[in-house]
Amino acid sequence: MAAPAHVSRVRSLYKRILVLHRFLPIDLRALGDQYVKDEFRRHKKAETDEVKNFMTEWENYKDTLQTQILEAVGEQNAPVKFGADLSDGKLGHFQEDQIGQLYELMLESTKPNRQFNIQEDTK
């Protein structure tokens with residue numbers, strides 16, 4: 001069983017990411033929330049080395065997203081771009097199924113008509 005401190009750290013990171021997703025456009029939020037939930041569930045029983053990499057990458061994601069959101073708030077009239085390009089070096093560390101998953105995520109997030117037809121509350 002995982003140490004209580006580790007469980008707390010994972011839970012805190014998970015919740016912080018979901019809070020940050022509230023600042024994304026509604027369709028990206030829905031896509032991101034589902035992806036985060038699936039990934040954290042999938043890694044519940046991962047090996048120690050895999051967990052270490054998993055946490056590092058999700059911490060980096062959180063930091064990047066937080067920075068982008070803060071920049072977007074400061075530049076309200078400028079177009080906002082969320083995300084970051086992956087270097088060839090990082091892609092080289094991915095397993096084949098991860099590259100496929102990443103490709104599917106890229107396709108979904110860049111569709112002109114995304115599968116999520118969610119209306120924001122305008123009240």
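If you read the sequence from its start, that first residue is 1, and numbering goes on from there. Note: hydrogens, waters and symmetry copies are ignored here, and every other heavy atom, side chains too, is used.
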query: Would K37 and R41 count as a side chain to side chain contact (heavy atoms under 4.5 Å, CB included) if you check the C-alpha gap in whole Å, the side-chain angles of each, and the deciding distance to 0.1 Å?
result: CA-CA 6 Å; K37 290 173 185 177; R41 269 191 216 109; 4.0 Å; yes

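- Residues meeting the ring-ring contact (aromatic ring centres under 6.0 Å, His included) test with Y14, sequence neighbours left out: F40.
- Sorted by first and then second residue, the ring-ring contact (aromatic ring centres under 6.0 Å, His included) pairs with a member in residues 69-106 form an empty list; sequence neighbours excluded.
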- request: Please step through side chain to side chain contact (heavy atoms under 4.5 Å, CB included) for the pair L24 and L31, ending with a clear verdict.
  value: CA-CA 10 Å; L24 294 173; L31 180 64; over 6 Å; no

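- Under a hydrophobic clustering in which Ile, Leu, Val, Met, Phe, Trp and Tyr are joined whenever their side-chain heavy atoms come within less than 4.5 Å, directly or via other members, L65 and V19 fall into different clusters.
- Heavy atoms from other residues, nucleotides or ligands lying under 6.0 Å from CZ of F23 number 12 at most.
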task: Would you please test H6 and V51 for side chain to side chain contact (heavy atoms under 4.5 Å, CB included) and show each step?
output: CA-CA 10 Å; H6 173 73; V51 169; 3.5 Å; yes

Side chain to side chain contact (heavy atoms under 4.5 Å, CB included) between L102 and L91, worked out: CA-CA 10 Å; L102 187 62; L91 282 174; 3.9 Å; yes

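- Of the candidates L13, I17, L20, Y61 forms a side chain to side chain contact (heavy atoms under 4.5 Å, CB included) with just one, namely I17.
- Counted by atom type alone, E39 and Q101 present one or more donor-acceptor pairs between their side chains at under 3.5 Å.
- Looking at residues two or more places apart in sequence or on another chain, you find no side-chain hydrogen bond (donor to acceptor under 3.5 Å, both in side chains) involving R22.
- Applying the side chain to side chain donor-acceptor pair (under 3.5 Å) definition to pairs two or more places apart or across chains, those involving residues 45-55 are H43-E50.
- Residues that satisfy the side-chain hydrogen bond (donor to acceptor under 3.5 Å, both in side chains) test with R9, not counting sequence neighbours, are absent from this structure.
- In this structure the side chain of V10 never reaches within 4.5 angstrom of the side chain of K44, judged on heavy atoms.
- Judged by distance alone, with hydrogens and angles left aside, the side-chain atoms of S8 form no donor-acceptor pair with the main-chain N or O of P4 at under 3.5 Å.
- Legend: salt bridge (charged side-chain N to carboxylate O under 4.0 Å, His left out) pairs involving residues 54-67, not counting sequence neighbours, sorted by first then second residue: E57-K90, E59-K62.
- Note that CD of E108 and CG of L28 are 10.0 Å apart. Values are rounded to the nearest 0.5 Å.
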